Amino acid sequence: MTEPVFSWIGKALPRKEDPALLTGQARFIDDLEPVAGLRHVAIVRSPHAHGRIRSIDVDSALAMHGVDAVVTGSDIAAILKPIPSVVRTPIRYMPVGVDKVRFAGEPVAVVVASDRYLAEDAAEQVSVEIDPLDPVVGPVAAMCDTAPLLHEDADSNCVSFRTFRYGDPDTAFARAARTVSLDYTFHRYASTPIETYGVIAHAEKAPDRYTVWSNFQGPFVLHPLMAGALGVAGNRLRLITAPASGGSFGIKQAIFGYILLLSAVSRLTGHPVKWVEDRLEHLTASSAAAERVGRIDGAFDENGTLTGLRFDNIANMGAYLRPPEPASVYRMHAASNGCYRVPHIAVENRLVVTNTLPVGLNRGYGGPQFFFALERLIDCAARKLGFDPVELRRQNFLRKEAFPYTTPGGATFDSSDYDKAMDMLLAAADYKGLKERRADVRRAGNYFGIGFACGIEPSGSNMAYVSLAQTPEERAKAGPKSGGNASATIEMDPSGSVTVQLCSTPNGQGHATVAAQIVAQALAINPADIDVVTDIDTRNDAWSISSGNYSNRFAAAVTGAIVTCADRVSMRLRKIAAELFECAVDDVELADGKVRIKGIPNRALPVKRVAAAAHWHPDGLPDGLDAGLTETAIIHSETLTAPDDHDRVSSAVTYGIVFDLAAVSIAPDTGKMTVEKYVSVHDVGNQLNPLVVEGQILGGFAHGVGGAMYEELSYDTDGNPLNGTFADYRCPTAMEVPPVTVRHLTTPSEKSLLGSKGLGDGSSMTTPAALANAVADALGREDITLPLTPPTLWRMIHEDIA
Amino acid sequence: MTILAREQRHSITVKVNGLRYTGMATPRTLLADFLRHELGFKGVHVGCEHAVCGACTILLDGLLARACAIYAVQADDTSVETVEGLGKPEALAPLQAAFQEHHALQCGFCTPGILMSAKAFLDDVATVGVAPTEQQVREMLSGHLCRCTGYDGIVKAILACAEQAIGKSRHESG
Ligand code: FES
Ligand code: FES
C-alpha cells in the first residue's frame with residue numbers, strides 16, 4: 001500500500017469553521033429572524049429566594065406602548081405540565097414559578113412587546129407580590145428538620161438518598177491497617193459561555209406544532225421530555241439549532257426550560273417570540289455545577305495498598321431536580337475507583353434542594369467534585385502514611401496489563417498505561433528539581449507546594465447511568481435503558497459534492513473540520529470540498545435521545561457514526577464502479593478524487609461520474625443497490641449496557657486520562673498564589689486533529705484554573721445571588737491563566753473505530769484538586785476550600801490575626 | 001425624559017467599514033443593537049452588555065470602543081470599523097489568518113471583539129516599531145473574556161503578527 005493509513009485523519013488541519021467566524025459571517029441565535037412578526041420577550045423574575053406568590057398585577061404593564069401581552073406563571077401552568085425527574089420523589093420542575101418561588105431570579109411572568117427595550121420597560125411595571133418564606137441556601141442546613149421545605153409535596157429537602165456497595169467495604173475498613181479521611185466542600189461555579197441563551201419559539205396552528213430555534217446543545221433525551229410537558233407528540237415539537245453557538249461547556253443544556261417557557265408564551269399569545277438572555281439572567285438563573293459537601297475515607301494496608309473507599313456525598317441541586325439531574329452525581333459513579341485497583345467501594349448520595357439556581361451540565365460534569373475528593377484523599381494519605389504521593393499512587397495504579405478493566409462499579413476502562421503517564425509527568429515537571437526548590441523555598445521561610453491529581457476521562461456516555469438514582473426495582477418498572485447512539489448522514493449529490501450532517505451540536509469544538517477529515521479520507525476527496533452541517537433540525541435530520549454535545553462524546557462515539565457512514569458511501573461507489581469496470585468490488589479503490597481499479601491507474605473514473613450514475617441511472621446499478629448516494633448511520637457502542645441489579649453500569653465508551661502536577665508558591669504578605677509549574681499528561685488515544693485536541697486541553701485547563709482560583713457563584717444567607725455581572729463573577733483573563741505543559745501518551749482505544757478517546761473535560765476535572773493539593777502541601781494543612789483567592793489564603797496563613 | 005421623547009426615533013448616519021449607512025434609533029438604542037439589528041453588522045457580538053467581556057469591541061473614529069456601552073445617537077456622523085471590515089472569508093487579513101493558524105478561536109463568539117483590539121494594538125506596534133512582549137499582549141487582552149481557548153493561541157497569533165508588523169515597518173522605513 002502506497003498511501004499512509006491515515007492521510008487526512010490525524011493532521012493538524014486548520015479549522016473549516018474559522019473563516020466564517022473570523023469575518024463576522026457565522027450566524028448565532030441572536031442573528032436569526034426566521035419568522036416574520038417576531039415579538040420580543042422580557043422575563044419578570046423573583047427578587048426573593050423563597051416565597052409564596054400572592055398576586056401579580058399586569059395592568060399597568062399591559063397599558064404600555066408596544067406591549068402585546070403579559071403572561072404569568074399560572075397562565076403557563078394551564079398549558080405546560082411540570083417535568084418529572086428520574087428521582088421518584090414528588091418534586092417537579094417548572095421553568096416558571098407558579099404558586100411559589102424557590103430561588104432569586106426564578107421567572108414569574110413574561111412580557112411580550114414589539115421590541116426588547118419596551119418589553120423591559122413593561123417588565124419593570126409588573127408588580128409581583130410575594131410573601132417571603134425563610135430561605136435555605138446551604139445543603140447541610142437544608143437537611144435539618146427545622147429547615148424550610150422547598151417542595152411541600154416532598155417531606156424533606158433531601159429528595160433522594162441512595163447507598164451503594166461494591167465488594168465488601170465494611171470488612172475492608174474493619175481490617176485496614178490505616179484509614180484516612182477527608183471532609184471537604186466544593187463550591188459552585190459555572191462555565192459562563194460568552195454567548196448567552198437565545199430562544200425563538202413559534203407555536204403554529206395548522207398543523208398544531210411548536211417550532212423552536214435556539215442554541216440548545218442537547219442531550220436530545222430532553223426532547224421527549226419537552227414534548228411531554230407541552231402535551232404534544234414528538235413530531236409536533238421541532239427543534240432547530242443555530243448554525244453557530246457561542247460556547248456552552250454543558251451550560252446550554254438547561255436552556256430547555258426556556259424552550260418550554262417561550263413555546264407556552266407563543267401558544268398563549270399567538271405570536272412568534274424571541275428572547276435572548278442577558279448576563280444578569282445568565283449568572284443568576286441559568287445553570288451551574290453542583291456544590292458538594294462530602295467526606296471520603298480510604299482504607300489502606302501497611303504497604304499503602306488502597307483496599308477500600310467510602311464516599312459520602314451531599315449534593316446541592318439548587319431549587320429543582322431539573323433533568324438530566326441528578327446525572328452530575330452519577331456520572332463518575334461507575335468509575336469511583338479512579339485510577340486505582342480498589343476492590344471495595346461504598347457510596348452514599350444525598351441530593352438536596354435549596355433556594356439557589358438549579359444545577360446542570362457544566363464542564364467536567366461531576367468530575368471536578370469527584371476528583372477533588374479522591375485525589376485530595378490520596379495526597380493527604382501520602383502525607384499521613386509517610387509516602388511520596390507519587391509512590392502511593394504507583395502502589396495502587398491499575399497496571400497496564402489490566403486493560404480492558406472492569407471496575408467494581410461496572411465501567412470498562414479501555415486502555416492506558418498509568419505508570420508510564422506518571423513517568424512522563426515527572427519528567428516533564430522535573431519533579432526532583434521541584435522538590436529541591438521546595439526545600440530551598442521552605443528553608444527561607446516561604447510557602448511552596450506540589451500537588452497531584454490523576455484523573456480518568458469518561459467519554460461517550462450511556463444515558464442510563466442517570467437511572468442509578470433509582471432503585472433496581474424502580475428501574476425494572478421503567479424498563480432497561482442503555483442509550484448512547486450517535487448518528488451521521490452523508491449525501492453525495494449528482495454532481496459528486498458531499499454534505500455531511502452531524503447530530504453533535506458543537507459549540508466551538510471543531511466537529512465540522514474533523515468530520516470532513518474523516519469523510520475525506522474514506523472517499524479520497526479533499527476536506528475543503530466537503531460541507532459539514534452541524535445545526536440540527538429534528539424534523540429533517542437523523543437524531544436520537546443521545547444526540548448533542550456532552551460527555552466528550554464526539555471523538556468517542558460520533559466519529560464512529562461518521563466512519564461507518566463514509567465507509568458505506570465508499571462501498572456503494574466501489575460497487576457501482578465495479579459494475580462499470582466489470583471487475584470485482586475488492587479490486588476497486590478510491591484515490592485522488594477517482595474511483596479506479598487497483599494497480600491500473602488509467603482504469604479510473606472521476607468520483608462525480610460514478611455519483612452521477614447513482615442518481616441518473618438507477619436501472620444500471622448493481623442488484624440490491626438503491627438509487628442515490630445518501631447514507632445514514634446510527635451506531636451504538638456495545639460497551640454501553642443497562643445498569644444491572646447490583647447497580648453496576650458501563651457508563652462510558654472510552655476512558656482517557658488526565659494526570660496533572662501543580663507547583664505553587666504563596667506570598668505570605670498578600671496570600672497571592674503563583675502557579676510556578678503546571679504539567680498535564682493526557683491519553684486521548686489517537687488524535688484526530690492535534691490542533692483541535694490542544695485547543696480543548698488548554699480550554700479545559702483554563703476552566704479548571706477559573707474554578708480553583710477565581711470563580712464562585714455565591715449567595716448571601718438570604719439567598720441573594722452576589723455575582724450578577726462579569727465584574728463580580730471573575731473569569732480568568734489572559735493575565736490569569738498560567739502556562740501549562742501538555743504531554744501525550746497515546747494508547748489507542750479499542751472501543752472506538754478510530755482509536756480515539758473522548759476529550760474536552762480534561763483538566764477542568766483535575767486542576768481544582770491538583771492546585772488544592774499543592775496549597776495543602778505548601779501550607780501543611782488539609783482543610784482547603786476553593787476558590788484559592790488571596791484573602792482565603794492570607795487568612796489561612798495569618799489565622800492568629802485573621 | 002418623557003415616554004414620547006424616549007421612543008422618538010432619530011435618523012443616524014454612520015460610516016461603517018468605509019461605507020455610509022443610515023438607520024433609525026431611539027435615544028437609548030445601544031450602538032451594538034443599532035449596528036446589529038438596524039444595519040445588519042451581526043459580527044458585532046454582545047456577551048455582557050456591561051462593558052466587561054469585550055465581545056462588542058469596535059473602532060469608533062479610530063479608537064477602541066465598546067458598542068454595548070455607547071448609544072447609537074452618540075455615533076451619529078462617526079466612522080466605525082467592525083470585524084466585517086477586516087478581511088473576507090476567502091481572503092482573510094493576516095491577523096485573521098494568524099488566528100486560524102494558531103487555533104486562537106473555538107466558538108468564535110469573543111473573536112470579533114478581540115480582533116478589533118488586536119488590530120488597534122498591532123497598528124500601534126507598527127507605528128512604534130518595537131516588538132511587544134508576551135506580557136504586553138496579555139495585558140492588552142485582559143479587557144476581553146474568552147471562555148474557550150485559555151488565550152494561548154490568541155497570544156501566539158498576535159505575537160506572530162507583531163513580528164510581521166515590525167518587519168514590515170522596518171522594511172518600509174529602511
Ligand atoms: S458586550 Fe460589550 S463588553 Fe460585553
Ligand atoms: S472562542 Fe469561545 S469565547 Fe473565545
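Throughout, protein chains are lettered first and strands after them, A, B, ... in sequence-line order, and every chain is numbered starting at 1. Note that the structure is a prediction, hence the values are computed from the model and not measured.
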So, the part of A:Leu118 with a heavy atom under 4.5 Å from chain B: the answer is both

Minimum-distance pair of heavy atoms, taken over all atoms of B:Leu60 and B:Ala65 = CB-CB, 4.0 Å

Drop me the distance from [X]'s [atom1] to [Y]'s [atom2], to the nearest 0.5 angstrom.
X        : Y        : atom1 : atom2 : result
A:Ile255 : A:Phe216 : CD1   : CZ    : 8.5 Å
A:Leu280 : B:Cys48  : CG    : SG    : 12.0 Å
B:Leu105 : A:Leu22  : CG    : CG    : 5.0 Å
B:Phe109 : B:Cys148 : CZ    : SG    : 11.0 Å

Ranking B:Cys110, B:Gly150, B:Pro112, B:Pro89 by heavy-atom pairs under 4.5 Å to chain A gives rank one to B:Pro89

If you count heavy-atom pairs under 4.5 Å between each of B:Val155, B:Leu115, B:Leu86, B:Val83 and chain A, which one has the most?
-> B:Val83

Check whether any side-chain heavy atom of A:Pro193 lies under 4.5 Å from a side-chain heavy atom of A:Phe249, and answer yes or no.
-> yes

Per-residue contact mode, B:Leu145 against chain A (heavy atom under 4.5 angstrom) = both

Chain A contact via B:Ile154 - which portion, at a heavy-atom distance below 4.5 Å | neither

Chain B contacts, top residue of A:Ala26, A:Ala702, A:Pro739, A:Gly246 (heavy-atom pairs, under 4.5 Å) = A:Gly246

Count the heavy-atom pairs under 4.5 Å between each of A:Ala734, A:Gly510, A:Gly706 and chain B, then report the option with the highest count.
-> A:Ala734

Mark yes when over 12 heavy atoms from residues, nucleotides or ligands other than B:Glu163 sit less than 6.0 Å from its CD; otherwise mark no.
-> no

Start with the C-alpha distance between B:Tyr21 and B:Thr13, add both sets of side-chain angles, then the distance that settles side-chain contact (heavy atoms from CB on, under 4.5 Å), and finish with yes or no.
-> CA-CA 6 Å; B:Tyr21 296 85; B:Thr13 298; over 6 Å; no

Compile the donor-acceptor pairs, distance criterion under 3.5 Å only, formed between chain B and chain A.
from: B:Arg6; atom 1: NH1; to: A:Asp121; atom 2: OD1; distance (Å): 3.3
from: B:Arg6; atom 1: NH1; to: A:Asp121; atom 2: OD2; distance (Å): 2.9
from: B:Arg28; atom 1: NH1; to: A:Asp121; atom 2: OD1; distance (Å): 2.9
from: B:Arg28; atom 1: NH1; to: A:Asp121; atom 2: OD2; distance (Å): 3.2
from: B:Arg28; atom 1: NH2; to: A:Asp121; atom 2: OD2; distance (Å): 2.6
from: B:Leu30; atom 1: N; to: A:Tyr117; atom 2: OH; distance (Å): 2.9
from: B:Asp33; atom 1: OD2; to: A:Tyr117; atom 2: OH; distance (Å): 2.5
from: B:Arg36; atom 1: NE; to: A:Asp30; atom 2: OD2; distance (Å): 3.4
from: B:Arg36; atom 1: NH1; to: A:Asp31; atom 2: OD1; distance (Å): 3.2
from: B:Arg36; atom 1: NH2; to: A:Asp30; atom 2: O; distance (Å): 3.3
from: B:Arg36; atom 1: NH2; to: A:Asp30; atom 2: OD2; distance (Å): 2.9
from: B:Arg36; atom 1: NH2; to: A:Asp31; atom 2: OD1; distance (Å): 2.7
from: B:His37; atom 1: NE2; to: A:Asp30; atom 2: OD2; distance (Å): 3.4
from: B:Gly47; atom 1: O; to: A:Arg279; atom 2: NE; distance (Å): 2.9
from: B:Gly47; atom 1: O; to: A:Arg279; atom 2: NH2; distance (Å): 2.8
from: B:His50; atom 1: NE2; to: A:Phe726; atom 2: N; distance (Å): 3.0
from: B:Gln96; atom 1: NE2; to: A:Leu22; atom 2: O; distance (Å): 2.7
from: B:Gln100; atom 1: NE2; to: A:Arg15; atom 2: O; distance (Å): 2.8
from: B:Leu105; atom 1: O; to: A:Arg15; atom 2: NH2; distance (Å): 3.3
from: B:Gln106; atom 1: O; to: A:Arg15; atom 2: NH1; distance (Å): 3.4
from: B:Gln106; atom 1: O; to: A:Arg15; atom 2: NH2; distance (Å): 2.7
from: B:Gln106; atom 1: OE1; to: A:Gln696; atom 2: NE2; distance (Å): 3.1
from: B:Gln106; atom 1: NE2; to: A:Gly695; atom 2: O; distance (Å): 2.9
from: B:Arg138; atom 1: NH1; to: A:Ala734; atom 2: O; distance (Å): 2.7
from: B:Arg147; atom 1: O; to: A:His703; atom 2: NE2; distance (Å): 2.7
from: B:Arg147; atom 1: NE; to: A:Ser191; atom 2: O; distance (Å): 2.9
from: B:Arg147; atom 1: NE; to: A:Thr192; atom 2: OG1; distance (Å): 2.9
from: B:Arg147; atom 1: NH1; to: A:Glu711; atom 2: OE2; distance (Å): 2.9
from: B:Arg147; atom 1: NH2; to: A:Ala190; atom 2: O; distance (Å): 3.2
from: B:Arg147; atom 1: NH2; to: A:Ser191; atom 2: O; distance (Å): 3.3
from: B:Arg147; atom 1: NH2; to: A:Thr192; atom 2: OG1; distance (Å): 3.1
from: B:Arg147; atom 1: NH2; to: A:Glu711; atom 2: OE1; distance (Å): 2.8
from: B:Arg147; atom 1: NH2; to: A:Glu711; atom 2: OE2; distance (Å): 3.1
from: B:Tyr151; atom 1: OH; to: A:Pro732; atom 2: O; distance (Å): 2.7

With sequence neighbours left out, what residues match B:Ala162 under side chain to side chain contact (heavy atoms under 4.5 Å, CB included)?
-> B:Leu122, B:Val125, B:Pro132

